[in-house]
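This report concerns only the one structure given below.
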There are 2 protein chains.
Amino acid sequence: MKATSPLRKAPPLRADAARNRERILAAAEEVFLELGADASLEEVARRAEVGIGTLYRRFPTREDLLAAANNERLLAMAEDSRTREAALDPAASMRAFVVELVHHARHYRGLATSIGAVLHSGTPGCDACSEEGKRLLERAQKAGAIRKDVSFDDIVCVVTAVSLAVEQDASPQARITHLVDVFLGGIETH
Amino acid sequence: MKATSPLRKAPPLRADAARNRERILAAAEEVFLELGADASLEEVARRAEVGIGTLYRRFPTREDLLAAANNERLLAMAEDSRTREAALDPAASMRAFVVELVHHARHYRGLATSIGAVLHSGTPGCDACSEEGKRLLERAQKAGAIRKDVSFDDIVCVVTAVSLAVEQDASPQARITHLVDVFLGGIETH
DNA sequence: ACCTGAACACCGTTCAAGT
DNA sequence: ACCTGAACACCGTTCAAGT
């Protein structure tokens, strides 16, 4: 067997291809921050100094690019949540997790709409987040702190709702906590 | 004073203009049903047999058109809710109202994303809906059935969340009631 | 294997000319 | 007052040619 086989199917990129991938990702971060998540892909390619075809070859759909561009941040978030976990009770960790995800969705305009898709993209970062979220949910449910008929998809739903609401009225910090409170209030067992 | 002055500012359309307006609205309904709420406006103009400029003159933004296209349906919905109200207790009427709105948002693909904006557009139908919703909410709050710190905007938020979730996984009827249950569970006082 | 960019089809929006 | 449609600027996506 070979030396490096990450998980399974991962055709190891040729050196120049790998470099281009990084350039695209960096450009995407820049452009999305500036113009929003629905910015022109041609602009991204332009800024990465790469042919538009190269971008499409690596990221066939816009969502693929969006997911990849958010990978590292999601990875870090999952990690943070894990270290935070010990200090908080089950319900509180879940809340913190949701609030963090909402913050993440606010990283640039237009991300909120796709946050559900991004969270289902299969990226390492997204998988780490899902696992962490599911673990927190199960823990809270076993502790009797959250209703048993609630799924992780329901949580994603809450995150999307809050993110979208916050994005639309450009609301202040306060509205986030209020909405999380309202939505999670129904999930937590009284 | 004149004979017909609807409410206030309403520059009475010239006959041909009014007719064009109707044609555009009818075409929009058709096209949105077929292609989704993000369909091409040129296609709408084409189908209405009207110059694209005419469409823009009457509906400067896509959201204007979307709101106008949903006016009648929202009007009917508010009316239905009012007649239903007597038969249900405060919490149940609120739930029924939310479920109806979600159904409305499912009328065509892509409407869910804009349902919040549509509900704030100032169209007669949208105003009727807002009024009805606010009345139901207040009633439920006075009856002690729903938390007092919940606003109508929060309700719109719930509607958006559920609609989007349902639209994304093309979920069955069951998921709607589940999500409404989860979200409103937190709003109703236990 | 990978990169490039021209080519194609399409869209949103404006505005001068016309009734 | 209103309508029309050409004109402009832009975008997504594909694919033949090139390394």
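Per chain, numbering begins at 1; letters A, B, ... match sequence-line order.
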Handout entry: Sequence-aligned protein contact record of nucleotides 13-19 of chain D, with B where the base is within under 4.0 Å of a protein heavy atom and S where only the sugar-phosphate is
Key = BB-----

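Toward the 5' end of DNA chain C, the nearer of the two residues B:Ser40 and A:Gly51, judged by each one's closest nucleotide, is A:Gly51.
Sorted by first and then second residue, the ring pair (Phe, Tyr, Trp, His ring centres under 6.0 Å) pairs involving residues 33-88 of chain B (not counting sequence neighbours) form an empty list. Pairs passing the ring pair (Phe, Tyr, Trp, His ring centres under 6.0 Å) check and including a residue from residues 21-42 of chain A, sequence neighbours excluded, read A:Phe32-A:Tyr108.
Computed from coordinates, the A:Leu13 CG to C:dC2 P distance equals 6 Å when rounded to whole Å. Separating the CZ atom of A:Arg46 from the P atom of C:dA6 is a distance of 13 Å, rounded to the nearest angstrom. Distance, A:Asp38 CG to D:dC10 C1': 14 Å, rounded to whole Å. Taking atom CD of residue B:Glu43 and atom P of nucleotide C:dG12, one finds them 10 Å apart after rounding to whole Å.
If you take CD1 on A:Ile155 and OG1 on A:Thr160, they are separated by 11.0 Å, rounding to the nearest 0.5 Å.
With sequence neighbours excluded, no residue forms a salt bridge (charged side-chain N to carboxylate O under 4.0 Å, His left out) with A:Glu72. Checked against salt bridge (charged side-chain N to carboxylate O under 4.0 Å, His left out), A:Arg73 has the following partners two or more places apart in sequence or in another chain: A:Glu29. With sequence neighbours excluded, no residue forms a side chain to side chain donor-acceptor pair (under 3.5 Å) with B:Glu131. Residues meeting the salt bridge (charged side-chain N to carboxylate O under 4.0 Å, His left out) test with B:Arg23, sequence neighbours left out: B:Glu49. Looking at residues two or more places apart in sequence or on another chain, you find no side chain to side chain donor-acceptor pair (under 3.5 Å) involving A:Arg19. Remark: A:Arg139 pairs with A:Glu85 by the salt bridge (charged side-chain N to carboxylate O under 4.0 Å, His left out) rule, at least two apart or across chains.
With hydrophobic clusters built from ILVMFWY side chains whose heavy atoms lie under 4.5 angstrom apart, A:Met94 shares a cluster with A:Val99.
Here the side chain of A:Thr54 is nearest to one of D:dC11, C:dG12, C:dC3, namely C:dC3.
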Completion exercise
Output field dot_bracket for DNA chain D (Watson-Crick or G-U, both distances under 3.5 Å, | for other-strand pairs) contains ||.|||||...|||||.||

Run the side-chain donor-acceptor check on residues 114-126 of chain B: report pairs under 3.5 Å with partners two or more places apart or on a different chain.
from, atom 1, to, atom 2, distance (Å)
B:His120, ND1, B:Gly116, O, 3.0
B:His120, NE2, B:Asp153, OD1, 3.3
B:Ser121, OG, B:Val118, O, 2.8

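Residues from residues 15-27 of chain A that place a heavy atom under 4.0 Å from any atom of DNA chain D: there are none.
Contact annotation: B:Arg57 does not reach the phosphate of D:dT4 (side-chain N/O to OP1 or OP2, under 4.0 Å).
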